[in-house]
Amino acid sequence: VTDEEVDVRTSDPEGAAPASPIQDGPAPSEGAIVEVRGYRLRLDRAYDPDTHLWALVVAPGRVRIGLDPLGVETSGTVAQLAPVPVGTAVRRGEPAGSLEAEKFVGPLPSPVSGTVVAHNDAVVADPGLVHRDPYDDGWILELVVEPSRLDEELPLLVAGADQTVPWFERKLAEYREQGVLAE
Amino acid sequence: VPVPPEYLRVIDFGRVGARRSQTLWHAVAHRVGDGSPATLSFVRPSRPYVCIGYHRRLDEVDVDACRRRNLPVYRRMVGGGPVYLDDGQLFFQITVPADRVPPARARALRLLLSPAVEAFRAVGIAAELDDDLEIVAEGRKVCGHGAGQVGSAVVVVGNLIERFDHEAAADVLAAPSARARAEILRLMRHYVASTPADPTAFRAAATGSYAAALGLSPRPGTLTAAERSWLGRLDRRFDDPAWLRGTSRPRPAAWQAKVRAGVRVVAGEHEGTGVVAGIVGDRIDRAYVRDPDLNGAGARVEAALAGRPLADTAAVLKAFGLPGGRVAAALAKATP
């Protein structure tokens, strides 16, 4: 939970370039999707293996974040989403905002370090968007990230089918064993 | 991160001032998971006050009513809406390291509320945790709860409602009209119940059930030096008007007041026609309409709406001509 006052401002998608692959190497085609046991995973972005937030480089040094399908499912019905104010610097793992579901308030730990430069006002007004469209309309905020930081922190995320699929299968198995997800 | 001691610390803060009845357990939450043990705490406010959930708009509280009643208002760091608290309620908080609870919120809540249900049962209240994760007895809510991750801890708070001042609880909620407020009060009286029980027995039962659920031995304790340090910071934060104002939140599309899960009051206006409705599940429990052209047919419209599923109301109101159409439009605005 962040202590900061949130100043929701107009999102600034201007200048956002088409999505680019987040890691070096052969780029997956834009919108490439892999399905893991009924869950659809986009391969144009990277995933924080612990927090279930995705990170997508939308322009050089500019990263958009949102919840992945397991993050959405384990949250329950999201009632409130509150990104930290535009201009706030956050470090990887620190709250970039907070989310409330089932009267339970929790942090949204940023997958990368940077400065918040835009919110998705639509998802703040209608948090149900993260359920209906977690990858596109349900994005949460954007950060500007130093290139050296990106080089340092992107390898901590999972990306590409060869990393994403085994990670997601492992998480599914773990959550099912814990009874967190239905069989 | 230090390994937390493996026991359940139990702290009874006793009767304390309004602000402290919040900041004491927030101070604990800031340290559990960062050196302090899992903690079950109890507190009773010595004076009435109002508390609003972390994300909620301050204008959900009737600040003028609070001023008239001399009630301070505080903002907590866990979820839920605005609530009225007084010394007829014993509050409990279970605070555990975040990595001890399942990642799914619903499951974490079930884990941390089930021992409270056992404690209610131990003191003679036929409580159960319903599908909405509310603690209820005979269909009435008997425990208000909220939850959150504060630092490295997850905290779930709830209360034993020995006496409940329904009028004060309804009065402190912002409502668009006296009629809407009266409907909140009516539904609150029906769906929120006090459960007079021995608080000492409840504390003992909760201590036993939480210790068993967490697999820890209970041990009486007090605040650590680090927690006392947090307490001072939190006292200042809770007195800060900026903290009370909270985050800037979008105004909801329509006013509504929630009485318990699945029970709410809504209100809407359309071209001079007004409607207030108490809604239970997906049905109108009771509706009140106002339209200059109903010419005494208002009571018939209200009777036609009572008990109807929301989805059917437009069809029902067609029988009342143009005024019925305006009522339907007002109701649609109230339930977007």
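A quick note: this is a predicted structure, and the numbers were derived from the prediction, not measured. Chain identifiers are assigned alphabetically (A, B, ...) following the order of the sequence lines, protein sequences preceding nucleic acid strands; residue numbering begins at 1 within each chain.
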Q: Decide yes or no for A/L99 and B/R105: does some side-chain heavy atom of the first lie under 4.5 Å from some side-chain heavy atom of the second?
A: yes
Q: Would you check if B/Q149 and A/S98 make a side-chain contact, meaning some heavy-atom pair closer than 4.5 Å?
A: no
(Q) Using heavy-atom distances under 4.5 Å, tell me whether A/L81 contacts chain B through its side chain, its backbone, both, or neither. (A) backbone
Q) Is the number of heavy atoms from other residues, nucleotides or ligands within 6.0 Å of CG (A/D162) greater than 12? A) yes
Q) For B/R56, is it the side chain, the backbone, both or neither that has a heavy atom under 4.5 Å from a heavy atom of chain A? A) side chain
Q: Find the distance between CZ (A/F104) and CG (B/L133) and round it off to the nearest 0.5 Å.
A: 11.5 Å
Q: Start with the C-alpha distance between B/E134 and A/K103, add both sets of side-chain angles, then the distance that settles side chain to side chain contact (heavy atoms under 4.5 Å, CB included), and finish with yes or no.
A: CA-CA 11 Å; B/E134 297 261 35; A/K103 295 203 278 187; 4.0 Å; yes
Q) More than 12 heavy atoms of other residues, nucleotides or ligands under 6.0 Å from CZ of A/R91: is that the case? A) no
Q. Would a distance-only check, ignoring hydrogens and angles, find a side-chain to backbone donor-acceptor pair under 3.5 Å from A/E100 to B/G80?
A. yes
Q) Taking all atoms of both residues into account, what is the closest heavy-atom pair of B/P103 and A/Q178, and its distance? A) CD-OE1, 3.5 Å
Q) Side chain, backbone, both or neither: which part of B/V154 has an atom under 4.5 Å from a heavy atom of chain A? A) side chain
Q. If we only count heavy atoms from C-beta on, is the A/V105 to B/M77 side-chain gap below 4.5 Å?
A. no
Q.
Can you give me the closest heavy-atom contact between B/P250 and A/A125, atom names plus distance?
A. CG-CA, 3.8 Å
Q) Which atoms of B/A253 come close to chain A, meaning under 4.5 Å heavy atom to heavy atom: side chain ones, backbone ones, both, or neither? A) neither
**Q.** Exercise: do A/Q80 and B/R249 side chains pair donor with acceptor under 3.5 Å
**A.** yes
